[in-house]
Amino acid sequence: MRCRIWNRHWQWSRKCSKNWRISHLSEPVYQRIRIAEAGSYDGRQVEIAGWLYNLRKSGKICFPQVRDGSGILQCVAVKSALPEELFESLKHLTQESSLIIRGKLRAEPRAPGGFELDVEDATVVQRVSEEHPYPITPKDHGIEFLMDHRHLWLRSRRQHAVLSIRHEVIRAVRDYFDTHGFTLVDTPIFTPAACEGTTTLFGVNYFDDEKVFLTQSGQLYNEATVMAFGKVYTFGPTFRAEKSKTRRHLTEFWMVEPEMAYATLDDVKRVAEEMICFCVDRVLANRREELSVLERDLTKLQAIQPPFPRISYDEAVLALQKKGSEIQWGGDLGGADETLLSEDYDRPVMVDRYPTAIKAFYFEPAPDRPEVALGVDILAPEGYGEIIGGGQRIHDLDLLLQRLEEHHLPREAFDWYVDLRRFGSVPHAGFGMGIERFVTWMCGIDHLREAIAFPRMLYRTRP
RNA sequence: UCCUCAGUAGCUCAAUGGUAGAGCAUUCGGCUGUUAACCGAAGGGUUGUAGGUUCGAGUCCUACCUGAGGAGCCA
């Protein structure tokens, strides 16, 4: 397999340019490895394939730093040990040129990462030209420039770390639900109507003048699938056409939404707490390197242990008023209120039983106090705001019909949803967690846009 | 939709209403252990756009465009 790849490169190189291959060796004796595995190959002859991250040079020695997506490895090319042509071409390599380097790997305390490759041979796959040098230099850049070059910015260490942590979070979320009896049942992206009727939706033309909308939640569909499977979750993209221009909003983001039959608000709180701790532990266990690149304060993440504080909306309003907030009972918590509230705790805080009037139509009212709903928001510490919203759904047919009417929602659009209350309706509950908000919090970064590869925001849909 | 701030070299930024400049990047030269290497030199400009005030505008005024932050909005 390795030889076939090698031969293909070799033939391609001869076709492309006579300068393309600068090797002076003919036998492929080097084992291709990824930089992350360097520790297992001390003293061996290896080959790494990647891109030039940075280059420092003296007169007769140069240090190309190569990244291959798994890590960064410093190489050493010494003039006296290499053919003139090879040394000169390495010395004049441009940033982000793609190349394959072969040589002997060894432990080296002076090198970042602890390992270093003594260059014996190299192949430049594509040289970045001086006329169009790589735009992202190792110096400061403004956010506009970086966002315009997002397709290249992803290669930098910090962005690589953030997206690696995102991957870890997503894997942990799925592992958690997969090992706790939940079935993944994805819900449609095209939906015929508003899930809640209030928020703004992106409309799409769907053949012959029919109008459909991009989903803003899979929850209503989850309420159908959960009656088939008992415990389900949806994981997918979500679209909100809100003209929000803040560091906490994207127009396209990813959300995980579990739903449980025969479950109540307390079950939601228990499962959410357990899942959050599971994900934080995974990130801490598997992504130390990335957290360190991001200079994340680990003690802040290590403090995320059960039990999380649980307070009611009533208590939250009183606490906020004491801290100087203008909030009145009946109003929603603003961004500033969320920060103010969470600064009292070193772990996520659960706020439940919001006024029914400010919650969506499907929330079950508290049996003893119908003016509050059995919903809960979970606010991340350090001012990261709401990461989870959820609660118990109405399971009574008559109450649901009454709510639809009160919210002026079209009965026809909700026929199937209402049907669920006719055939073995049971108390059920669930929640939704925004992946980017969770990742932003894990990484300790200050903007949601870095927690997804290609963010979609108000006024920004490129690249 | 509203408020605030910004737009000058490829990038990050300077420039009292009076000759548009520095660092990085690029090119050339020097350096055998560099850590965003360093030292020397060179090239690189329609100061977001359109008007206006002025002897003279990057700088002041008006409008517009673009971006950022925030508010509103927002399971």
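A note on names: the letters A, B, ... follow the listed sequences, proteins ahead of strands, and every chain is numbered from 1.
The partner of B:A42, taking Watson-Crick or G-U wobble pairs whose two distances both stay under 3.5 Å, is B:U26. B:C13: Watson-Crick or G-U partner is B:G21, with both key distances under 3.5 Å. For B:U1, the paired nucleotide is B:A71, the pair qualifying as Watson-Crick or G-U wobble because both relevant distances are below 3.5 Å. Both distances falling under 3.5 Å, in either a Watson-Crick or a G-U wobble arrangement, occur for no nucleotide opposite B:A57. In a base pair of the Watson-Crick type (N1 to N3 plus N6-O4 or O6-N4) or a G-U wobble (N1-O2 and O6-N3), with each distance short of 3.5 Å, B:G7 is matched with B:C65.
Within the 4.5 Å cutoff, the side chain of A:S312 has no heavy atoms near those of the A:V351 side chain.
In terms of position on RNA chain B, the residue among A:E257 and A:M147 whose nearest nucleotide sits closer to the 5' end is A:M147. When the nearest nucleotides of RNA chain B are assigned to A:G432 and A:H447 by heavy-atom distance, the more 5′-ward of the two goes with A:H447.
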Handout entry: Worked verdict on A:V119 versus A:V76 for side chain to side chain contact (heavy atoms under 4.5 Å, CB included)
Key = CA-CA 6 Å; A:V119 178; A:V76 197; 5.8 Å; no
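Between A:E326 atom CD and B:A71 atom C1' there is a gap of 14 Å when expressed in whole angstrom units. Note: CG (A:L333) to C1' (B:A71) measures 16 Å, nearest angstrom. One can place CG of A:D337 at 13 Å from C1' of B:A71, the figure rounded to the nearest angstrom. Distance CG (A:L458) to C1' (B:C74): 13 Å, rounded to an integer number of Å. Atom CD in A:E144 sits about 11 Å away from atom P in B:G69, given to the nearest Å. In this structure, A:W153 places its CH2 atom 16 Å from P of B:C11, rounding to the nearest Å. For A:K243 and B:U1, the NZ to C1' distance is 8 Å, given to the nearest whole Å. Going from atom NE2 of A:H132 over to atom P of B:G44 covers 17 Å, rounded to whole Å.
The pair A:E223-A:R421 meets the salt-bridge criterion, with a side-chain N (NZ, NE, NH1 or NH2) lying under 4.0 Å from an Asp/Glu carboxylate O.
Of the C1' atoms belonging to B:A22 and B:U8, the separation is 13 Å, rounded to the nearest Å. B:G44 and B:C28 have their C1' atoms separated by 15 Å, with the value rounded to a whole Å. Rounded to the nearest Å, the gap between the C1' atom of B:G40 and that of B:C31 is 12 Å. One P atom belongs to B:C65, the other to B:U53, and the distance between them is 24 Å to the nearest Å. Distance noted for atom P between B:C5 and B:U46: 28 Å (whole Å). Nucleotides B:U62 and B:A20, compared at atom C1', are 25 Å apart to the nearest Å. Here, B:C64 and B:U12 have their C1' atoms 27 Å apart, quoted to the whole Å. Between B:G69 and B:G33, the distance separating the two C1' atoms is 44 Å to the nearest Å.
Of the candidates B:A71, B:A68, B:G72, B:A68 carries the atom nearest the A:R460 side chain, counting heavy atoms from C-beta on.
The one candidate from A:F182, A:F235, A:Y233, A:F278 that meets the ring pair (Phe, Tyr, Trp, His ring centres under 6.0 Å) condition with A:Y176 is A:F278. Results of the side-chain hydrogen bond (donor to acceptor under 3.5 Å, both in side chains) test with A:E96 over A:Q126, A:R127, A:R67 single out A:R67 as the only residue that passes.
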Under-3.5 Å N/O pairs linking protein and nucleotides 2-4 of chain B:
none

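Checked by distance alone, A:T137 brings no side-chain donor or acceptor within 3.5 Å of a matching partner on the base of B:C24. With hydrogens and angles ignored, no donor-acceptor pair under 3.5 angstrom links the side chain of A:H141 to the base of B:C11.
Ring planes of A:F177 and A:F431: tilted class, angle from 30 to 60°. The aromatic rings of A:F414 and A:Y417 stand perpendicular to each other, their planes meeting at an angle above 60°, with 30° marking the opposite boundary.
Nearest heavy-atom pair across A:H428 and A:E259 is CD2-OE2, 3.3 Å. Across every non-hydrogen atom of A:A122 and A:L90, the tightest pair is CB-CD2, 4.1 Å. Listed here is the closest heavy atom pair of A:H151 and A:P463: ND1-CG, 3.8 Å. Here the closest non-hydrogen pair linking A:Q328 and A:Y313 is O-OH, 3.7 Å.
Between A:W416 and A:Y221, the distance separating the two ring centers is shorter than 6.0 angstrom.
As judged by a 4.0 angstrom heavy-atom cut-off over every strand, A:D332 is placed among residues making no nucleic acid contact.
Regarding contacts with the backbone of B:G69, a side-chain N or O of A:R449 is found under 4.0 angstrom from either OP1 or OP2. For B:G70, one of the phosphate oxygens OP1 or OP2 lies less than 4.0 angstrom from a side-chain nitrogen or oxygen of A:R247.
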Completion exercise
With B for base contact, S for sugar-phosphate-only contact and - for none (protein heavy atoms under 4.0 Å), nucleotides 26-34 of chain B reads SSS--BBBB
